[in-house]
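Here is the structure we will look at.
Both counts, for ligands and for their atoms, begin at 1 and track the order of listing. Because the structure is predicted, anything quoted here is derived from the model rather than measured.
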Amino acid sequence: MKSKAAILWETHTPWSVEETELDDPREGEVRVKLTASGLCHSDDHSVKGDLPTGLPIIGGHEGAGIVEAVGPGVRRLKEGDHVVMAFIPACGHCRWCASGLSMLCDYGAIIMEGLPIVDQVARVHARGVGLRQMSMLGTFAADVVVHEDSCVKIDDDLPLDLAALVGCGVTTGFGAAVRRAKVEPGDTVVVVGTGGVGSSAVQGARIAGAETIVAVDPVEYRREQAKLLGATHAVASMEEAMPLVTELTRGVMADKTIMTASLMTGDMLMPLMLLTRKGGRACLTSTANPNILNADVVLVDVIFGQKEIVGNVFGGCNPHADIPRILSLYRHGLLKLDELVTKTYPLEQVNEGYDDLLNGRIMRGLLTFD
Ligand SMILES: NC(=O)c1ccc[n+]([C@@H]2O[C@H](COP(=O)([O-])OP(=O)(O)OC[C@H]3O[C@@H](n4cnc5c(N)ncnc54)[C@H](O)[C@@H]3O)[C@@H](O)[C@H]2O)c1
Ligand SMILES: [Zn+2]
Ligand SMILES: [Zn+2]
């Protein structure tokens, strides 16, 4: 069938919205009509070359929609089901999935290749060329063919447009605080970079019972939004956070720190660790360019301060368990999603959406489809 999608043909070029030809779903696959797709910063890392990505590729990995067609052998989904697409599939039977760590599913290793799990043969074509799909999803498209392992069925009465955000950013940020940093009641938490992911970490910290949440972001609008979502204090830089956190904690420093800035570089680790108290935990969430092999820390501070540094992929969440759980928090008014979406765009305006994101004019932009 004919559809349309935003394609990255080469790095450092804009998204190109074009007509595409979409194959029928094959073994274990479904075709989903997209309702919405969030504009996550990671897609821009592919544009800038900070995240090695197979090309040409359809962007987008934060989507939700309705199953329209079901391929042979699909067991969990049927036509009409509402689904959120998870940016890492969960096969259910690799060592990691089987032990409750499906965010580490072996399929995660090939998501940036963007070719179907089953046969690595492109399902979408434009200009006579096979296209890859970001995270094996490619949600900057009116329709996608994806594996059922990438789909999480959700209740029909949930707003499908907002649910898209839970396919990556909200889950990654919420889980950064709740699952990886393990925020506890009474904690002081510092969140560095409060865009879509970081502001969800702020919310996760609030829900987990943090007493003090310091948002760090150079953009004033993002600091204001972080305060509306639960931050108790906001400053423009980690340097500015040092005296504030020292004063707030009487020199103890933060129990938990979370790095969710646009891009992490090696020089950002030392200030993060100095903001973290002895015995505390720092959760690294931002993407880093894989060519960066070194980061600075004061070794004795980390060693004798007995500090922990933990990584984070997809918030340490199991999509089939945690996506419905996070949406349930939304349903009960505990987690805010409406407030995260500043602006919606048609697919044709995806580049304007990223311009707004990169210039700090929006929290999360959402592509919406008719
Ligand atoms: N680990 C994962 O599984 C995972 C998943 C999704 C996104 N990410 C990554 O998380 C990061 C955040 O994504 P996002 O969509 O929220 O981006 P975003 O653009 O919405 O937000 C990033 C924020 O960081 C701020 N910032 C930039 N430099 C800063 C600095 N030095 N100090 C403090 N704040 C700074 C920006 O002003 C912005 O508000 C990106 O690197 C993205 O690729 C990781
Ligand atoms: Zn993302
Ligand atoms: Zn698996």
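Proximity of Met264 to ligand 1, defined as any heavy-atom pair under 4.0 Å, is not found for any part of the residue. Contacts of Val197 with ligand 1, taken as heavy-atom pairs under 4.0 Å, involve both backbone and side chain. Residue Leu357 touches ligand 1 through its side chain alone, judged by heavy-atom distances below 4.0 Å. Using a 4.0 Å cut-off between heavy atoms, His41 contacts ligand 1 through both its backbone and its side chain. At a heavy-atom cutoff of 4.0 Å, ligand 1 is contacted by both the backbone and the side chain of Thr287.
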Original post:
Is there a salt bridge (Lys or Arg N to Asp or Glu O under 4.0 Å) between Glu21 and Lys2 once you walk through the steps?
Top reply: CA-CA 5 Å; Glu21 185 67 41; Lys2 298 238 179 288; 2.7 Å; yes
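Applying the side-chain hydrogen bond (donor to acceptor under 3.5 Å, both in side chains) test between Arg277 and each of Asp187, Asp255, Thr188 identifies Asp255 as the sole match.
The two residues Ser42 and His61 come nearest to each other via the heavy atoms CB-CE1, 3.8 Å.
Thr172 has its side chain within reach of Phe87: a pair of non-hydrogen atoms, C-beta onward, lies under 4.5 Å apart.
Counting heavy atoms only, Asp217 comes closest to atom 25 (C) of ligand 1 of the residues Ile88, Asp217, Asn312, Asn359. Taking only non-hydrogen atoms, the option from Ser262, Ala215, Gly196 nearest to atom 41 (O) of ligand 1 is Ser262. Of the listed residues (Val170, Thr194, Leu358, Val192), the one carrying the non-hydrogen atom nearest atom 32 (N) of ligand 1 is Val192. Distances from atom 30 (C) of ligand 1 to the heavy atoms of Ala261, Gly193, Gly360, Gly175 put Ala261 nearest.
Note on Cys91: counted as a metal contact of the Zn ion (ligand 3), an N/O/S atom lying under 2.8 Å. Distances from the Zn ion (ligand 2) show that His41 has no N/O/S atom below 2.8 Å.
Shown in contact with Ser42 at under 4.0 Å from a heavy atom are these atoms of ligand 1, numbered in order with element: 6 (C), 7 (C), 8 (N), 42 (C), 43 (O). If you number the atoms of ligand 1 from 1 as listed, the ones under 4.0 Å from a heavy atom of Cys168 come out as 5 (C), 6 (C).
Rounding to 10°, one obtains 110° for the angle at the Zn ion (ligand 3) between SG (Cys94) and SG (Cys97).
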